[in-house]
Amino acid sequence: MKEARAVFEPVDPKVSFPALERELVEFWKQDQTFEESLRIREGAPRFVFYEGPPTANGKPGTHHILPRAFKDVFGRYWTMKGRFVERKAGWDTHGLPVELEVEKELKISGKQQIEEYGVAEFNERCKESVHRYVRQWREMSERMAFWQDYDNAYWTYHSDYIQSVWWALKQMWDQGLVYLGFRVAPYCPRCMTPLSSHELAQGYKDDTPDPSVYVRFRLKSDPKTSLLAWTTTPWTLPGNVALAVGADIGYLKVRQGQENVIVAEARADALEGEYEVVERMRGQDLAGLDYEPLYPYSVPSEGRAQYVVDADFVSTEEGTGIVHTSALYGADDLRLCQEKGIPFRHTVDLRGRFIPEVEKFAGLFVKDADPLIVEDLRERRLLYKEAVVRHTYPFCWRCDTALIYYALNSWYVRTTDRKEKLVSQNAATNWVPPYMGTGRMGDWLANNVDWAISRSRYWGTPLPFWVCESCEESRCVESAEEIGLPRDADLHRPHIDQVTLPCAKCGGTMRRIPEVLDCWFDSGAMPFAQRGYPQHGKQLFEETFPADFIAEAVDQTRGWFYSLLAESVILFGRNAYKNVICTGHVLDERGQKASKSRGNVLDPNYVFDHFGSDAIRWIFFTAPVGESYRVGPQALQEVVRRFMLPLWNVYSFFVTYARIDGFDPAGRAAVPVGQRPVLDRWLLSRLSGLVRTADVALERYDVNGASRPLEAFVEDLSTWYVRRSRRRFWKSESDADKTAAYQTLHEVLVTVARLLAPFVPFLAEAMYRNLTGERSVHLADFPTAEVGAHDPGLETQMAAARRAVEAGLAARDAAHLKVRQPLNAAVLPGDPLPEEIAGIVRDELNVKQLKFGGAGVSLDTNITEELRLEGLSRDIVRAIQQLRKDSGFNIEDRIQTWYDADGQVARAFASQADYIKAETLSVELNRGRAEGVSGKSVKIDGEEVWLGLKQVT
RNA sequence: GGGCCGCUAGCUCAACUGGCAGAGCGCCGUGCUGAUAACGCGGAGGUAGGUGGUUCGAGUCCACCGCGGCCCA
């Protein structure tokens with residue numbers, strides 16, 4: 001309009017957020033906005049963030065967006081607060097998951113086939129696989145606007161990184177924390193490898209049938225009397241070396257026919273048939289009794305075995321209260337035997353078959369031997385009774401073989417030695433939500449066991465332990481140089497296995513142990529290993545340890561959250577992170593966990609292409625942190641419709657009118673807030689409170705505490721401020737009121753864009769760049785609250801006004817008086833409102849006079865002729881506006897208007913002509929039908945009225 | 001078997017320290033509208049998973065039980 005120069009680009013109200021986002025991804029890349037956001041904060045105090053490296057063994061899913069969104073929001077927030085936030089990307093590249101992916105690719109399975117294929121070649125394939133997946137991860141991360149330095153990522157397989165890890169192991173070695181232990185682990189006899197707890201968790205099956213057998217162990221001193229023991233693994237019976245009882249548990253000796261049987265009193269219902277109690281005793285009375293071995297295979301010639309011992313793990317929850325103990329096939333069993341000095345030896349080999357010395361069952365696979373053993377005991381009248389139990393039992397998640405518990409050698413870090421410190425350092429860490437730290441993590445640490453760090457695999461950091469062939473002297477190496485290799489040498493198997501070292505003690509040959517390192521140790525080393533510390537980056541490491549903030553999903557409790565904590569406590573005496581957000585799981589729309597095997601993983605590209613990254617981020621930020629999230633097309637659609645579009649439309653509304661009026665935020669001095677109309681003062685007061693609320697919440701890592709008030713504010717902005725202010729922008733005259741409206745809405749939108757920038761970086765960027773003409777919202781400062789604008793009294797009054805409106809509209813509805821019909825007066829309950837606010841209520845209710853203080857709402861329903869005509873004039877305006885719109889006229893177009901009407905409607909046209917002309921931008925209002933003007937008949941108050949509009953050029 | 005979390009309208013979820021049970025979506029009715037894929041008002045829809053307890057008062061605190069999710073065994 002007029003000669004005004006529009007300073008804003010037009011805004012498409014039919015925006016496609018996915019398209020908008022793609023443009024901005026490209027813009028940021030070209031503009032190097034992220035790099036700039038770091039550059040402008042160089043030298044400022046750091047906010048230290050650590051990237052928990054994703055394992056690059058598969059395509060990223062929508063559930064991976066969740067923790068990455070939380071990581072991103074704080075990087076952006078603290079950058080806007082003036083801190084330097086380095087964001088070094090990282091990739092977890094080693095480990096069984098990567099190997100399995102490659103095994104699938106190569107269509108091979110198991111260690112034997114890998115070795116036939118060739119370890120060198122196999123590891124090359126692993127590396128290639130990782131790079132392939134990292135490309136997809138990077139693409140997803142950039143599309144979701146997770147700003148990180150991807151070009152300088154750390155990779156756990158790099159030689160520098162491996163040597164940092166070696167250094168860490170050497171530190172632990174020197175502290176005497178590394179040892180070779182003989183422990184019971186879940187073991188797959190087909191794959192011939194122990195499994196990690198992580199793998200174990202994937203393979204439990206409910207309702208697995210197993211034999212449940214009760215076995216007599218005859219006392220040496222009295223062969224008529226047996227101790228009754230229960231087991232679900234008969235194959236461990238040839239390995240029996242002891243029976244365990246609880247010292248304080250009460251036991252019964254009962255007579256059944258010619259035989260006596262001893263069981264826990266609390267388990268007497270395990271007895272079959274009639275019995276007579278002969279004697280009562282306690283576990284401690286039984287301890288030390290010798291019994292007849294079932295089989296002669298399990299005990300070496302020396303040492304005392306096969307007698308009753310007391311143990312703290314015996315319970316009377318199930319079984320007989322007398323626990324059959326086979327040293328090598330149960331964790332409690334082995335610990336007990338080691339404590340009591342009971343000798344033992346294996347009866348089963350690494351393939352899960354009985355060794356030749358177990359003559360009766362030699363060569364049989366243990367599970368196949370179960371029924372034979374039961375039968376053997378039955379024939380020898382040692383079987384008391386037999387049944388089948390259904391319980392939860394672990395299987396190999398790869399090959400589905402039933403796992404067995406099996407004792408073998410593994411390397412350990414004695415974390416239990418630092419348990420107190422682990423617990424206290426964890427307690428000093430700020431967990432969001434808090435129960436993750438005290439509950440899940442705290443309980444886990446309280447039951448800390450030594451960390452099994454060795455894996456009998458191929459693609460991993462090789463354990464730098466060399467052992468002498470002759471004298472068993474061992475040594476830990478901490479760098480490539482130390483073993484005569486260049487720093488950048490490939491340190492992986494099989495190359496490293498070629499390196500032999502002379503034994504300093506006996507001059508013999510030292511060879512590396514074959515195992516590689518648990519890959520969780522790799523990622524836990526990232527605070528220093530990402531710098532190549534201590535050979536490189538010493539100062540950088542010291543400046544960036546510990547992290548202010550990390551975020552991952554809940555499954556990292558025993559994963560990265562623990563490995564970071566354990567390694568940092570051992571090496572540096574404190575935790576590696578001060579604040580941690582633990583996000584929940586992403587569920588599908590039916591509430592099921594998203595997983596590859598269920599096939600319900602939401603493809604991130606589907607989400608990005610249909611709804612956009614901002615939409616999914618906003619869902620994650622507003623849903624309860626730490627809980628499970630249900631995400632699907634409906635939820636995404638809703639967040640777009642409920643939050644993003646209303647905000648976008650406020651923005652589009654502003655730009656539409658600002659362009660028409662040529663409003664330039666820099667063009668005129670700001671109207672002082674105190675002089676602006678009450679709606680503006682109210683909105684600015686709300687904004688001021690919002691800024692403070694969001695800022696305080698984010699400082700406390702309370703994402704919901706910021707996002708939910710933001711959402712509520714946008715709703716108020718859209719459904720109250722803009723709704724009540726439309727006429728201020730629409731009216732023709734440019735006065736102080738209109739200027740105030742423009743200035744207020746502009747300021748609010750710019751501030752909201754800055755507040756939203758960390759959360760929905762695309763939407764905020766699009767708004768901010770157009771509204772300010774500046775380069776990027778992500779280079780701006782986070783808003784600070786305008787203390788002067790805060791007016792709690794006004795907010796209270798406005799809330800009262802809105803309640804009054806609500807009551808008034810309800811009363812009108814009940815009286816069937818439509819809102820377009822003005823009324824003379826209304827009485828509302830409550831205290832009188834100041835005139836300025838009462839005016840808003842009058843407008844909204846369309847009444848001439850308002851009184852407060854009534855008991856309820858009462859309306860003056862007497863409609864005078866004058867009120868009648870006024871009401872009709874609003875119907876007329878409404879009809880003309882609709883016709884203007886249907887005719888495709890622009891909002892600011894002037895028109896000539898013709899009408900053909902009779903009676904009341906005609907009188908309304910005449911008496912309210914000025915009002916109608918002003919509202920509809922009609923320069924003329926003519927009665928009768930015009931030649932050559934296309935028109936339309938409409939119904940107004942039941943009467944046919946012909947309207948014709950013509951644009952004035 | 002143990003631990004953590006959840007269970008509030010048909011669906012998704014709120015409600016500072018105990019104080020009259022709410023919103024959004026969906027449904028029905030109605031109104032408003034030259035920003036909106038909208039919005040307003042009204043309506044239907046609730047024994048707050050169950051049972052006890054503490055309290056003047058419990059969705060909220062305690063105990064036990066049930067169901068679901070996750071983690072661990």
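Scope of the values below: all heavy atoms of this structure, side chains included, with no hydrogens, waters or symmetry mates.
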Next item on the list: Assess whether side chain to side chain donor-acceptor pair (under 3.5 Å) is satisfied between Ser707(A) and Trp618(A), documenting all intermediate values.
Entry: CA-CA 8 Å; Ser707(A) 63; Trp618(A) 192 251; over 6 Å; no
Checklist line | Criterion side chain to side chain contact (heavy atoms under 4.5 Å, CB included) on Val714(A) and Leu710(A), from CA distance to verdict | finding: CA-CA 6 Å; Val714(A) 167; Leu710(A) 264 162; 5.5 Å; no
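Residue Val819(A) is in sugar-phosphate contact alone, with no base atom involved, counting any heavy-atom pair closer than 4.0 Å across all strands shown. Residue contacts shown for Pro624(A) are limited to sugar-phosphate atoms, with no base heavy atom under 4.0 Å away. In this structure, Thr622(A) reaches neither bases nor backbone, as no heavy-atom distance under 4.0 Å exists between it and the strands shown. Among the heavy atoms of the strands, none lies under 4.0 Å from Thr656(A). Phe889(A) comes within contact range of at least one nucleobase, with a heavy-atom separation under 4.0 Å. Contacts of Asn890(A) with the nucleic acid, taken as non-hydrogen atoms under 4.0 Å apart, include base atoms. Arg820(A) comes within 4.0 angstrom of sugar-phosphate atoms only, judged by non-hydrogen atoms across all strands, and of no base.
Nucleotide rG31(B) forms a pair with rC39(B), judged by Watson-Crick or G-U wobble geometry with both contacts under 3.5 Å. Remark: rG22(B) base-pairs with rC13(B). Criterion, Watson-Crick or G-U wobble with two distances under 3.5 Å. Look at rG66(B): its Watson-Crick or wobble partner, with both distances under 3.5 angstrom, is rC7(B). rG1(B) is paired with rC72(B) under the criterion used here, namely a Watson-Crick or G-U wobble arrangement in which both key atom distances are under 3.5 Å. Summarising the base pairing, rU60(B) is matched to no nucleotide, lacking a Watson-Crick or G-U wobble pair whose two defining distances lie under 3.5 Å.
Residue-to-nucleotide proximity on RNA chain B shows that, of Glu806(A) and Asp813(A), the 5′-proximal contact is made by Asp813(A). Nucleotides of RNA chain B nearest to Gln637(A) and Gln882(A) differ in position, and the one nearer the 5' end is that of Gln882(A).
Closest to the Lys885(A) side chain, of the nucleotides rG34(B), rC25(B), rG42(B), is rG34(B). Of the candidate nucleotides rA37(B), rG31(B), rC39(B), rG31(B) has the atom lying nearest to any side-chain atom of Lys818(A). Here the side chain of Arg878(A) is nearest to one of rC32(B), rA37(B), rG34(B), namely rG34(B). For Arg708(A), whose side chain is taken as the heavy atoms from C-beta onward, the closest listed nucleotide among rA15(B), rA35(B), rG42(B) is rA15(B).
Atoms CG (Leu647(A)) and P (rA37(B)) sit 15 Å apart, rounded to a whole Å. We find that CD of Gln881(A) is positioned 10 Å from C1' of rU33(B), with the value rounded to whole Å. Rounded to an integer number of Å, the gap from Glu711(A) CD to rA14(B) P is 12 Å. Phe17(A) places its CZ atom 11 Å from the C1' atom of rU36(B), with the value rounded to the nearest Å. One atom, CD of Glu844(A), and another, P of rG40(B), lie 10 Å apart when rounded to the nearest Å. Atom-to-atom, CZ of Arg726(A) to P of rG34(B) comes out at 7 Å; the value is rounded to the nearest Å. Computed from coordinates, the Asp12(A) CG to rU36(B) P distance equals 12 Å when rounded to whole Å. For Tyr435(A) and rC4(B), the OH to P distance is 12 Å, given to the nearest whole Å.
One P atom belongs to rC25(B), the other to rC62(B), and the distance between them is 35 Å to the nearest Å. Atom C1' of rA21(B) sits at a distance of 14 Å from the matching atom of rG45(B), rounded to the whole Å. The same atom, P, is picked in rA14(B) and in rG52(B); the two are 29 Å apart, to the nearest Å. Between rG46(B) and rU33(B), the distance separating the two P atoms is 35 Å to the nearest Å. For rA48(B) and rC61(B), the C1' atoms lie 16 Å apart once the distance is rounded to whole Å. Atom P of rU17(B) sits at a distance of 25 Å from the matching atom of rU12(B), rounded to the whole Å. rA15(B) and rC7(B): their P atoms are spaced 10 Å apart (whole Å). Comparing the P positions of rG69(B) and rC32(B) gives a spacing of 50 Å, expressed to the nearest Å.
Side-chain contact of Arg641(A) with Gln637(A): a donor-acceptor pair under 3.5 Å is absent, judged by distance alone.
Residues Gly705(A) and Thr693(A) approach most closely at O-CG2, 3.7 Å, considering heavy atoms. Closest approach of Ala826(A) and Val847(A) over heavy atoms only: CB-CG1, 4.2 Å.
With hydrogens and angles ignored, no donor-acceptor pair closer than 3.5 Å exists between the side chain of Arg642(A) and the base of rG24(B).
Between Arg641(A) and rC25(B), a side-chain N or O to OP1/OP2 separation shorter than 4.0 Å is absent. Contact annotation: Arg874(A) side-chain N/O to rU33(B) OP1/OP2 distance is under 4.0 Å. Side-chain nitrogen and oxygen atoms of Arg812(A) include none within less than 4.0 Å of the OP1 or OP2 phosphate oxygen of rG31(B). At rA35(B), one or more side-chain N or O atoms of Tyr657(A) fall inside 4.0 Å of OP1 or OP2 (strictly under the cut-off).
Distance check: Leu817(A) CG to Leu809(A) CG gives 11.5 Å after rounding to the nearest 0.5 Å.
Remark: Arg874(A) does not engage Glu919(A) in a salt bridge, criterion side-chain N to carboxylate O under 4.0 Å.
Judged by distance alone, with hydrogens and angles left aside, the side-chain atoms of Arg686(A) form no donor-acceptor pair with the main-chain N or O of Glu795(A) at under 3.5 Å.
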